[in-house]
There are 2 protein chains.
Amino acid sequence: MREGPDIARIASLVGDPARANMLSALMGGTALTASELALEAGVSLPTASSHLSKLMEGGLLTLASQGRHRYYGLAGPQVAGMIEAITGVAAAVGPQRVRPGPRDAAMRVARVCYDHLAGERAVAMLDRLVARQVLLRDDKVIQLGPSAASHFAAIGIDIHTKARRPVCRACLDWSVRRSHLAGTLGAAILDKILAEKWARREKDSRAVIFSPVGKQAFETTFLA
Amino acid sequence: MREGPDIARIASLVGDPARANMLSALMGGTALTASELALEAGVSLPTASSHLSKLMEGGLLTLASQGRHRYYGLAGPQVAGMIEAITGVAAAVGPQRVRPGPRDAAMRVARVCYDHLAGERAVAMLDRLVARQVLLRDDKVIQLGPSAASHFAAIGIDIHTKARRPVCRACLDWSVRRSHLAGTLGAAILDKILAEKWARREKDSRAVIFSPVGKQAFETTFLA
DNA sequence: CGCATAGTTCGTTCCTCATCGAAGCATCCT
DNA sequence: AGGATGCTTCGATGAGGAACGAACTATGCG
């Protein structure tokens with residue numbers, strides 16, 4: 001057996017779909033609670049708790065407790081760099097084998113990512129909101145700008161919420177290799193799009209299909 | 001389920017001890033045969049064959065066939081970078097937990113790595129052979145220098161061999177974070193050290209324990 | 001103080017994967 | 001042409017780990 005660092009042990013921590021989803025979710029830089037990570041991973045709370053214990057024992061996460069909330073984060077930039085490197089290889093070897101069809105094209109344009117919009121339209125929307133300074137962004141966090149409340153009120157989106165999740169959060173979008181908007185605001189925007197029937201979710205898929213009228217309305221509202 | 005590259009699948013390929021050992025062995029940059037990788041991994045040929053199929057399917061390896069020999073290599077610098085990143089995290093989180101004892105100290109000084117010497121003494125030996133230009137080294141390969149044949153003949157080591165493995169190969173030594181010498185020459189040197197009884201293998205360990213006389217002889221022969 | 005919420009632990013079940021011996025295939029040497 | 005070598009495939013076995021419901025613990029609010 002070869003000497004040196006036990007790369008199998010570290011890699012196997014990442015090599016489970018549930019844990020990989022948690023780590024990817026934390027790549028946005030914000031700490032997330034155990035319940036939020038359970039949702040991101042698509043598993044039950046006990047299962048998520050078990051996975052988080054393993055990631056903690058393996059040294060990949062940090063933990064900050066606040067009352068009964070447990071906020072988890074990546075252990076540092078070296079762990080983030082490793083996730084980046086693995087993601088880069090996955091992206092490089094992946095598409096060589098998968099032939100994108102119409103469905104994958106639809107997924108790239110717009111899709112649901114847990115509870116918010118992802119895809120090219122979502123990335124463009126975030127860029128535009130930042131450009132207009134409705135949202136403010138540095139390299140770590142996204143915050144509401146001064147005009148955010150009135151801007152979203154005019155659209156019919158209430159940005160105030162009792163939920164304890166962050167209002168704004170960057171979510172890495174590997175289909176276009178940039179970030180889109182997650183958080184309670186991201187979720188509220190997706191709710192609005194679906195409620196106004198600008199777009200609908202495709203059956204058995206996460207693709208979000210805009211109608212021609214809906215596409216126009218979305219662009220008028222978010223990309224003008 | 002989160003969209004984007006499937007990092008769990010790639011990470012799980014690395015996350016098995018046998019496959020991790022194979023990938024680490026290939027980090028030296030030279031292609032290795034299926035049999036050699038089976039030895040590096042410490043598993044039987046059928047098991048190694050199964051693992052190599054998985055790594056090929058996953059896009060982490062390349063294959064060059066030559067007659068009945070199958071030579072495997074890493075698929076490219078991006079894969080090597082990923083292994084480096086994982087190794088860095090493993091090294092960073094690992095030592096924080098393991099308290100090295102006397103046995104680990106012996107392992108750091110000198111040990112067997114598959115069929116050649118590893119550890120501080122092995123790294124120092126390679127440095128000295130390169131400094132004296134007995135061996136020539138660039139950033140990719142290690143080659144025999146013009147005086148290599150006579151140099152090793154004087155020591156009683158025949159560098160010519162019918163084995164198809166490379167004569168010289170760099171092997172990453174994570175105990176000192178530099179390379180030592182693998183390949184048929186590395187194996188021959190270890191054979192010499194053991195045959196002359198300069199050192200012996202510790203029972204149930206890969207540590208190589210030099211006697212005081214043997215240490216002196218090794219230094220005279222390889223570090224002068 | 002009682003109820004609600006966030007999260008952990010326990011026990012059980014089921015599935016996946018690593019392992020190897022045997023057999024077989026392809027290549028090479030005598 | 002036959003035997004040897006390198007490697008793959010097949011079939012069987014056993015172990016480990018992910019999953020969740022139930023129960024429990026800690027924290028917070030009315």
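So you know, we letter chains A, B, ... as the sequences are listed, proteins then strands, and number each from 1. Values in this document were obtained by computation on a predicted structure and should not be read as measured data.
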- Query: Do B:S12 and A:D16 have side-chain heavy atoms sitting under 4.5 Å apart?
  - Reply: no
- When rounded to whole Å, the CZ to C1' distance for the pair A:R9 and D:dG16 reads 17 Å
- Task: Check whether any side-chain N or O of A:K54 sits under 4.0 Å from OP1 or OP2 of D:dG17, and answer yes or no.
- Result: no
- Query: Hey, does the side chain of B:K192 reach the backbone of B:I155 with a donor-acceptor pair shorter than 3.5 angstrom?
  - Reply: yes
Considering only distance and modelled atom types, tabulate donor-acceptor pairs under 3.5 Å from the side chains of residues 41-52 of chain A, sequence neighbours left out.
from	atom 1	to	atom 2	distance (Å)
A:S44	OG	A:T47	OG1	3.0
A:H51	ND1	A:R19	NH1	2.9

- Query: Going 5' to 3' along nucleotides 19-24 of chain C, which nucleotides have protein heavy atoms under 4.0 Å from the base (write B), which only from the sugar-phosphate (write S), and which from neither (write -)?
  - Reply: SBBB--
- Would you mind reading off the distance between B:H69 atom NE2 and D:dA4 atom P, rounded to a whole angstrom? 17 Å
- Taken to the nearest whole Å, CG/A:L39 to C1'/C:dT5 is 15 Å
- Note on the structure: note: B:L52, atom CG; C:dC17, atom C1'; distance rounded to Å ~ 16 Å
- Under 4.0 angstrom between A:R19 side-chain N/O and D:dA18 OP1 or OP2: yes
- Item | For atom CE of B:M22 and atom P of D:dC7, their distance in whole Å | 12 Å
- Query: Between D:dG6 atom P and B:L32 atom CG, what is the distance in whole Å?
  - Reply: 15 Å
- Item | Interatomic distance where CG belongs to B:L63 and C1' belongs to D:dG6 [whole Å] | 13 Å
- Item | Nearest-Å distance for atom pair CD/P, residues A:Q66 and C:dA6 | 13 Å
- Task: Would you check if B:L126 and B:I142 make a side-chain contact, meaning some heavy-atom pair closer than 4.5 Å?
- Result: yes
- Task: Report the relative orientation of the aromatic rings in B:W198 and B:F222; use parallel for angles under 30°, tilted for 30 to 60°, perpendicular for over 60°.
- Result: perpendicular
- Item | Note, B:M56 side chain near B:T62 side chain (heavy atom, < 4.5 Å) | no
- Do any N or O atoms from the side chain of A:E36 and from the backbone of A:T33 form a donor-acceptor pair under 3.5 angstrom? yes
- Message: Closest approach to the side chain of A:R68, judged atom by atom: which nucleotide of C:dT8, D:dC7, D:dT27 is it?
- Response: D:dT27
